Structures are given as structure tokens and as C-alpha cells.
Enquirer: 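Here it is, the structure in full.
In this text the structure is predicted, and so the values were computed from the model without any measurement. So that the names make sense, note that chain A is the first sequence line, chain B the second, and so on, each numbered from 1.
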Amino acid sequence: MSGFDPGAFEQRAQDLWRCAFEPDPSEQEKYYLTVAYPYPSGAMHVGHGRTYIVPDVIARFWRMRGRQVLYPMAFHVTGAPVIGISKRIARHDEKTIRLYRDLYRVPPAVLEKFTDPLTIVKHFSDEYQRVMTACGLSIDWRRRFTTVDPTYSKFIEWQWKHLYEAGHVIKGEHPVRYCTFDENPVGDHDLLEGDKAEVIKFTLVMFRSGDAVIPTATLRPETIYGVTNLWVNPGVTYIRALVDGKPWVISQEAAEKLLLQDHTVTIEKEIPGTSLIDTTATHPLCGEIPILPAAFVDPDMASGIVMSVPAHAPFDYIALRDLQQQGRYTRIRPVPLIRVEGYGEVPAQDAVERAGITDQLDPRMDALTQEMYSSEFAKGKLFEKYGGKPVRIAREDVAALMSEQYGSTVMYEFDTRPVVCRCGNRVKVKILHDQWFLRYSDPAWKAQVSDQLKDMSLVPPEVRIEFDRTVDWLRDWACTRRVGLGTRFPWDTTQLIEPLSDSTIYMAYYTIAHRIREMAPDTLTPEVFDYIFLGKESDSLPQKEKLDAMRNEFLYWYPYNFRFSAKDLISNHLTFQIFHHVAIFEKQHLPQGMVVFGMGLLNGAKMSSSKGNVFLLEDAVKEFGADTVRMFLMGSAEPWQDFDWRNELVASVKKQIERFYNAIHEMKDAGGEPKDIDLWLMSRLLEHIEKTTASLENFQTRQALQEAFFSIENDLKWYRRRLPEGSDGSRMLRSLCSAWVRLLAPFIPFTCEKLWQDIGGQGLVSFADWPVVDQKHKNRRIELAEELLLRTVEDLESIKKLIQITPRSITISLAPAWKYEIFKTIARAPDRTLAIRTIMKDDLMRRRGKEATDAAKQCTALIHRLPPHIVELIASDGVNERAVFEQATPFLKKEFGVPVHITDAESSPHAKAATALPFKPSIVIE
RNA sequence: GCGGGGGUAGCUAAGCCUGGCCAAAGGCGCCGGACUUAAGAUCCGGUCUCGCAGGAGUCCGUGGGUUCAAAUCCCACCCCCCGCACCA
């Protein structure tokens, strides 16, 4: 009888929905939501699924609430990753080929063409649209675009003109990770190794040796006062080179690095490390010192020569001690200069000896060094003779002094090495010039953003702190790139606008995307966009009618109501877009709200394409059906929580939908006369509608689903149990069916579209009215009565289970009126702990003595166990217990299969009857 | 390191702001029963421990505290996850 065929439902609904979700400005109130558009460089997995299904559920909900809803989609193809991918495919990189051929299942003929980056994004954009459609996303595809469309570029140019004129764009220089083989800066995912490496700014301390300079890099220039020697690796061949015209002695590697960091370098000759050893060098702040041999000196670290501060650097201390144990350089003594709590006179010696380290290669050395450096920085003070300042201040002062008076410059180097590019080449630090920045550091701009944030609604509210912090912490952002796809930077057309900077106000572009396509890109002057988005009139605007239509769209839809995105974008995109909006748009068009998503896990592990730990969305839809995928993703966690995809859980969701489908079919033709239990069911339904509605208004898809699906299902279970034998329910079930199908329509639209037809609904359920709460169906009296019965049945069952005799009859004895009086007095008492005294002041009660005090105690306990709203109802309206149980006698008899007697506790011969309390009758099973 | 989030029964996950409804919802899993030739599906019941009367005991990362009353409030500690920029 089932007829449950999700595949068929999907096909049918897809036909009905074609072009159904293409809203135009109208008289209706609008609801505009947008999600971060995808970067289509690979196939969609179930994690992406949730990102786009959550907004769809919200869109469908508001559509049914009578709003004109816009849910648009486009594709972000700007940037460098696909360039890398196409290159790797071109050179037949095995790993990449495997990913695209096997995991993403790109047909061989298509894969061949992936040597062109645009082909990749085109292919996956189409795939995205196909899979999104298969998932039932109610997207207005007329507005689809990509970020390299010429019209979009015109839009971006307009945006940047405004940013530039407002002084938000400046030019500067910037150190970056750079591959000399690719001749390009490299990002995290271009790296084979060292993706955690940070660029650190070192001070080069210039020692003089003959006519040449020996630079040594340090993060602790203040320790110059404690330098006792330099270290040179005797196994390394150094060079003498003219750096900016002056002779320096450095390692070969250092020469290459300096070349990338704004220095001219001309190599003069090689110098074996050994020939430097035992010569001397001088620095005005430490005098003349010897150069000693040390194998730990890495020529690939900064200048390749190291200054030695044995009193404060464990490595230096040990290296010196080793030499001295061989009887060499025994006259050199560590020169301490910093006093720090927790360490002795010579901190490095102290630390090394305390840890019992005998060997430079001891693995604890790094941790020991780190700990000492931190303590010195945090708590250390220089000796009085060196100025007596705290280390953190002295460090800056000495660095400044050195660069002003002693020829020090800056050298950039990574904090961890090696850093290796995907091409196999070692990555170095390069200083980029002509680098353009967005001045996010500008306090005035920040203030505007903070103000706007205050007016925005953020979901969940906890993320507000993170936004505030991001605004506070944001520095200037390098906004141009040399490689990739994108819009040319107007003030230097050799560069491109960087991807996170060309995707900040495109939500406005959606409003006109389908109309602007009709215009020739070269007619799209800044004045055109000024008119559309800012309402600025100007002479000679082309095709004014079209522009008016676009202006109209923009005014209707903007600002957007909510923007959705994953939480990892808080620290960039989501915050950037506020910056750009406040810089360009008028106050009434600024963003209204944001919803931040959690991440997706697959079987408990983080989803990651590169590790192969993904489940493709299309496969999931094929295997389980779109509604199942949707319902699982919406029901397993709230949007902002992380969710975990597990196939076995998903499979059970499918059964749940089938159960729902069957239940509707069983109920839709019921025609019996309504009874009290029907009134109960309808009264409860109201509450579920209310809660589902409130949950969806708050984006709580999980909560909404619990209410709309499981709560109603559980009510129906009880309802069916309460029906007289042979009855399959009353005609009221039909309105329950109608409401239920509509409540679930945002979640499982395919199945609901089919059911809507089956139950004779008008039009599409996607556009049906959301169920409304009609308070006249609220029936507290019946709900309370049913609650009493339900609780009593539970008691009966637990007793029955416990006593393990075959019952022959059941007697239910009802509490006497005076116990009700006690109950009410306590329930209404402002302080329930004191209520007993009030009760015992009453003569009648006092005459009952212990019986009354016991009852009072039991009532107090009971009141604390009952839900407050029930207590309130009992105390105010009360409930006619006798009527409830007499009416339910046939039901109880059917349930337990024995005669059921209802008596008053006071007239019952059973001792147990005395335990009867209000809302908790005594029970005797014999 | 800095910043944010979180630790609840076999798993998952509500509850915490606004203390008593909490032995703690829902879902999954598992166990028992009904149906079936059987399996599956479906339906019913159970699922911390003890108890032949609806109860009692222990429990919500750990240890303290406040309160008539704490998963919930306060303090300290332990552990896990995420973000930190030239990258979409």
C-alpha cells in the first residue's frame, strides 16, 4: 500500500518547480537571504549540502509565511587555486588526477580540458547547479553569474572607485612567502611543507671584521651586551659579497634571500668557514669578540652567522661549554645582562644544569629555550648598567638604536623551516612592492563597522564577541595579486583584485544580475552603478528604462535580511563585507543580519577532499533521496553546531519520512465524529505549530524538526491508543494532515509536494500558507485531563510490571476535597516552605492532625515534581478527576484487560487509598 | 601564544541564561514482545543500580562553595575542537 517512492516524488516536483522560484519586486513584503557563493573547484560534498540547504529551509518557510523570497546563487571563480590545479593536471600530477578522476568522477574527455582553469570552474559550476537543483534548493537561477563576467568586473571597478576615493585603498610594501621557481607568492595550499611557518622580522646586528660587515640575525637585539663571540659553521662555504655596495660576509643562501628583500648583491668571492674561525669581529656595544666554530649553525637560517650570548641562550651556552671541555677558549665567560625571577645569575647555565642536559642534541633544548625566552621577555629586566629597563622595552629601544646608529637593517625569515613549494623549490621571503592594501586598520572605518554591527542581528548571539574582536584586530589587507583569475586592479592593471576583496558587496549585484546582462559591458560606467545603487542622477545615462528597472529591484530587495556562511569566515569575509557595505551604501541599505554555520564531520572525522574523507552530495541524494539528505542535515544539529554525517543514521531518517508518508495516507480519509481526544490532538497541534514557527524564525532547524515531526508523531501515537476499538479517527485528522504536511514542507519538500496533492491541497505546497494558530482550538481543560490520565496510566504500568501477578481488577481512588485545598494553598503560596504553617492554622486542618501535615508534605513534594504550568492549572481551574476516569474507564479496561473501578479515597476500604493526592490518585491492583 | 566554542547515560543531543517540572526530551543503537513459514519492514514495551506498589540510591569533565534545593549559580583545575590573513 505504501506507494512511497522518493525518486518519483523528486521527478514530479522538479517539473512543478521549474522557474517557480523566480521572484520579482511586488507589493508583498520581501525576504532576501544570501549564502557565500561557492568556489567551484571540485565536487560538492554533504558539508556543502548543509550550507545551502539551511538557507533553503528558511527561504521556503518565509515563502509560506507570505513573503516574496529571494534566494540567489552565483559562482566565485576568482583567485589562484584553479590555476594551480590546471597546471598540476597539465603535468599529470598523480595526486591531482586521482582526486578529479576518481573522487570527483570527472569524465576523461572533460578532465583533459582541465588544463584550462576556466574549464574547471565552468564544469563544476554546472555540476553545482545540477546538484543544488537535485537537492530542491529554491534558487532563482536567472540571477546566476560568475565573478569573471565582464559586467561583474565593471561592478567591481565601480566598487573600488568608491573605496579608493574614500581613501580606503593605499599602496605599500609587504613581505610574502615566495617561490623563485614559479616566480610567485605562495599561499598555504601551494605548500608541500611548512604551511605553519610564519614570516618573522629579524634585526641584523652588524659586526665589523676588517673592511667587511658580518651581519647576524636576532630576535633579541638587547642581548648584544652579552655577546661573547660569533658562531660560524666550519663545514660551510661562506661568501663575501657587495650588499648595497658594501662588503658583507654571509652564507650563499643568505645572499639569495637578501636579493629578494630589496638589496643589491654582488658576490665577490667564496670564504671557507674554517678561515673565519679564530678571527675577530667588533661591535660598538660589545667590543671585540672572537669567531668560534659551531656545527649547529645553519647557513639557511637568516645570514648564516650567529651571535652568541651564552648567558641567556641555552644553545650558545652548551656549544661554548663543549669547546671549553676540550680545553679550548677557556678564557671566555658568559656575560649575563638580564635578571629574571626563577633563574640564577647566568640563566642559560642554570636552566641547562637544572635540566641535566649534557648534549646539544637533547630534544628538550627547544622547549627549554622557549621557556627561558618567554620568561625573560615577560618578567626580565636589564641590569642597571645597561639601563635597567624591562626586556620588552629594552628590546625595542636597542633595535631602534642599532638601526639609527649602527647600520642594522631588517631581514625576514621563517620561524620554522623548511618551507617547500608544491613545485619542490625552497620558498623564501620576498618583499613585494607596489602592493596595494585595504586600510582595515583605519580607526574611523572600524568605528563605522562597529556601529553597524550593533544594529545587526547575529545568529547565534555568541559570535558577536568574535566579530567585535575581528574588527578590532584587523590590519591592512593586501588586496591585489599577480596571478589568478579576477578583475584587473584599476590603478595597476598588471595586478588583480584579490578574491576576498571582490566578493564583499555582490549581494547587491544579485538584485540586478539578470537584467544587467542585457547591457553591453562598455556602457556600464561608474555613473550607471551610482544611479542603480545610490540613486545619483547624471547626464547621458544609457538605456534609462533598464536602469530604472534595476534601481527598482535594488530598492525592493536591499538590504539583505540575512547572510549565511561558515564560522571560519568570520575573521575575514563576513567582516570584510560589512566594511565594504558601510563604505559604499547608504545607511538604509546596510546588512541586517548574519547566520554563522558550524563545520561538517564525516563519521566523526573532519571532512577533507584532499584526504579523501568526503561523501559527495550527489551520491548521498542518489542513495538516500533528497528529502532524506535534507531532513538528516537539518535535524542532526542546529546550523551553527558541527554536524556528523553517518550513513546508518541517515538510513533511519529515510524510514521516518516513509512513516510520515504512510501516516498521512492512513489519516487523510478518516471521517469519524470528533471526540474529546480529537480536541486534545488539535489543542496540542497548536502548540507544535507555535514552537515550529518560533524555532524557524530563530533558524533552529533541528528544534523545528523535533517539534514538527517527532512531537506530532508522538501525539498521534497516544491518540491512536485512545481511540475506541475499530475507530480509525475523526475527520479532524484531515486538518491535522494538512497542517502537518505544510509544517514539514520546508524540510522535505519533495515528499510534501506529493502529499499535498494527495490530500487535495490547492496549488503547490511550496507556496501554500503556513499553518496558523487559532487560539480557539486551545483547550487547556482537555489537555490537563489527558495529562492526568497519561500519568495514571504510566503509574499503572510501572506497578503492573513490578508486582508480577496477574491482575484481576484495578481500583483507582480519588483524593478528597480537603487535600485539594492543601494542594491549592501550597501551590499559590509565595514561599512554599512556609505554606504548611498557614495550612495548620486552619481549624479543620488542625483537627486532622498528622494526616494533614503528611498530606501537606506530600503535596509539596508533588508540586515540585509537576511542571509549573500544570500546577497552576490544577490550582486555578482544577480538574474533575472523577469525570476524567469515568470517561476513560473503557479505555483503561481495554489497555489492562481487567475491570476498572473508580472510587473516592475516603470511602475506600483499602489502606492504600489514603495515599491518594490531587492529580495522583491511589491505585490498587488485585 | 592570542581569541572563540565545548565536555550530559552505549552513541548522538536537548536542558544551563531565567535553580525545584531532571534519572535528565528526541533520535540512533541494543534487548524483549507482537506480526511473519522465516528474515526484513512495521508496531508495542524496556534500556544507571536496587525494589513483588507507583519508590529509593547514585549520576550530568574533576574538586570545592552558595542554597531548604544545583546538570543549571560562584571559584579553581583537567581535557577536546575551531580561527589567527595574502587563502577560498
Enquirer: Please work out whether the ring planes of Phe564(A) and Phe597(A) are parallel, tilted or perpendicular, with thresholds of 30° and 60°.
Expert: tilted
Enquirer: Using a heavy-atom cut-off of 4.0 Å across all strands, would you classify Arg481(A) as base, sugar-phosphate, or nothing?
Expert: base
Enquirer: With a non-hydrogen cut-off below 4.0 angstrom, is Arg702(A) in contact with a base, only sugar-phosphate, or nothing?
Expert: base
Enquirer: Among rA53(B), rC84(B), rC87(B), which is the nearest nucleotide to the side chain of Ser571(A)?
Expert: rC84(B)
Enquirer: Given rG20(B), rA88(B), rA85(B), identify the nucleotide with an atom nearest to the side chain of His864(A).
Expert: rG20(B)
Enquirer: Holding to ring-ring contact (aromatic ring centres under 6.0 Å, His included), I want the full list of residues that pass it with Tyr39(A), two or more places apart in sequence or in another chain.
Expert: none
Enquirer: Asp434(A): what forms a salt bridge (charged side-chain N to carboxylate O under 4.0 Å, His left out) with it, not counting sequence neighbours?
Expert: Lys171(A)
Enquirer: The criterion is ring-ring contact (aromatic ring centres under 6.0 Å, His included); which residues satisfy it with Phe823(A), sequence neighbours excluded?
Expert: none
Enquirer: Hey, can you tell me if His665(A) and Tyr661(A) have their rings parallel, tilted or perpendicular (30° and 60° cut-offs)?
Expert: tilted
Enquirer: When the nearest nucleotide of RNA chain B is assigned to His869(A) and to Tyr440(A) on a heavy-atom basis, which residue is associated with the more 5' position?
Expert: His869(A)
Enquirer: Heavy atoms under 4.0 Å, any strand shown: does Asp568(A) hit a base, just sugar-phosphate, or nothing?
Expert: sugar-phosphate
Enquirer: Holding to salt bridge (charged side-chain N to carboxylate O under 4.0 Å, His left out), I want the full list of residues that pass it with Asp854(A), two or more places apart in sequence or in another chain.
Expert: Lys850(A)
Enquirer: Which atom names give the shortest non-hydrogen contact between Thr146(A) and Tyr152(A), and what distance separates them?
Expert: O-CB, 3.8 Å
Enquirer: Between the protein and nucleotides 54-57 of chain B, are there any N/O to N/O pairs under 3.5 Å, and if so, what are the atom names and distances?
Expert:
residue: rG54(B); atom: O2'; partner: Asp795(A); partner atom: OD1; Å: 2.8
residue: rG54(B); atom: O6; partner: Ile923(A); partner atom: N; Å: 3.3
residue: rG54(B); atom: N1; partner: Pro921(A); partner atom: O; Å: 3.1
residue: rG54(B); atom: N2; partner: Asp795(A); partner atom: OD2; Å: 2.8
residue: rG54(B); atom: N2; partner: Pro921(A); partner atom: O; Å: 2.8
residue: rG54(B); atom: N3; partner: Asp795(A); partner atom: OD2; Å: 3.1
residue: rA56(B); atom: OP2; partner: Arg865(A); partner atom: NH2; Å: 3.4

Enquirer: On a heavy-atom basis, which atom in Lys800(A) and which in Ile925(A) lie closest, and how many Å separate them?
Expert: N-CD1, 4.2 Å
Enquirer: Using the test ring-ring contact (aromatic ring centres under 6.0 Å, His included), find all partners of Trp640(A) that sit at least two apart in sequence or belong to another chain.
Expert: none
Enquirer: With sugar-phosphate meaning primed atoms plus P, OP1 and OP2, does Pro868(A) contact a base, only sugar-phosphate, or nothing at under 4.0 Å between heavy atoms?
Expert: base
Enquirer: Of the candidate nucleotides rA53(B), rA88(B), rC82(B), which contains the atom at the shortest distance from the side chain of Ile925(A)?
Expert: rA53(B)
Enquirer: Measure from the side chain of Ala478(A), starting at C-beta and using heavy atoms only, and say which of rC87(B), rC82(B), rC86(B) lies closest.
Expert: rC86(B)
Enquirer: What does the B/S/- profile of nucleotides 27-36 of chain B look like, 5' to 3', with a 4.0 Å heavy-atom cutoff to protein?
Expert: SS--------
Enquirer: Quick one, Glu786(A) with Arg722(A), criterion salt bridge (Lys or Arg N to Asp or Glu O under 4.0 Å). Give me CA distance, side-chain angles, the key distance, then yes/no.
Expert: CA-CA 10 Å; Glu786(A) 212 53 32; Arg722(A) 290 280 279 119; 2.5 Å; yes
Enquirer: For Arg395(A), enumerate each residue passing the salt bridge (charged side-chain N to carboxylate O under 4.0 Å, His left out) test, keeping only those at least two apart in sequence or located in another chain.
Expert: Glu222(A)
Enquirer: Hey, can you tell me if Phe632(A) and Trp645(A) have their rings parallel, tilted or perpendicular (30° and 60° cut-offs)?
Expert: perpendicular
Enquirer: On a whole-Å scale, what distance lies between the C1' atoms belonging to rA14(B) and rA24(B)?
Expert: 10 Å
Enquirer: Could you give the distance separating rC60(B) and rG40(B) at their P atoms, to the nearest angstrom?
Expert: 38 Å
Enquirer: Give every pair of a protein N or O atom and an N or O atom of nucleotides 3-5 of chain B that lie under 3.5 Å apart, one pair per line with the distance.
Expert:
residue: rG3(B); atom: O2'; partner: Arg469(A); partner atom: NE; Å: 3.0
residue: rG4(B); atom: O2'; partner: Glu466(A); partner atom: OE1; Å: 3.0

Enquirer: Between residues 627-643 of chain A and RNA chain B, which residues have a heavy-atom gap below 4.0 Å?
Expert: Gln641(A)
Enquirer: Apply salt bridge (charged side-chain N to carboxylate O under 4.0 Å, His left out) to Glu872(A) and list each qualifying residue two or more places apart in sequence or on a separate chain.
Expert: none
Enquirer: Using whole Å, report how far CG of Leu705(A) lies from P of rA14(B).
Expert: 14 Å
Enquirer: Would you kindly give the CG-to-P distance between Leu716(A) and rC44(B), to the nearest whole Å?
Expert: 11 Å
Enquirer: Mind checking Leu500(A) for me? I need base, sugar-phosphate or nothing, with any heavy atom below 4.0 Å counting as a touch.
Expert: base
Enquirer: Among rA88(B), rC86(B), rA13(B), which is the nearest nucleotide to the side chain of His174(A)?
Expert: rC86(B)
Enquirer: So which pairs with a foot in residues 703-715 of chain A pass side-chain hydrogen bond (donor to acceptor under 3.5 Å, both in side chains), sequence neighbours left out?
Expert: Arg659(A)-Glu713(A), Arg684(A)-Asp715(A), His688(A)-Glu707(A), His688(A)-Asp715(A)
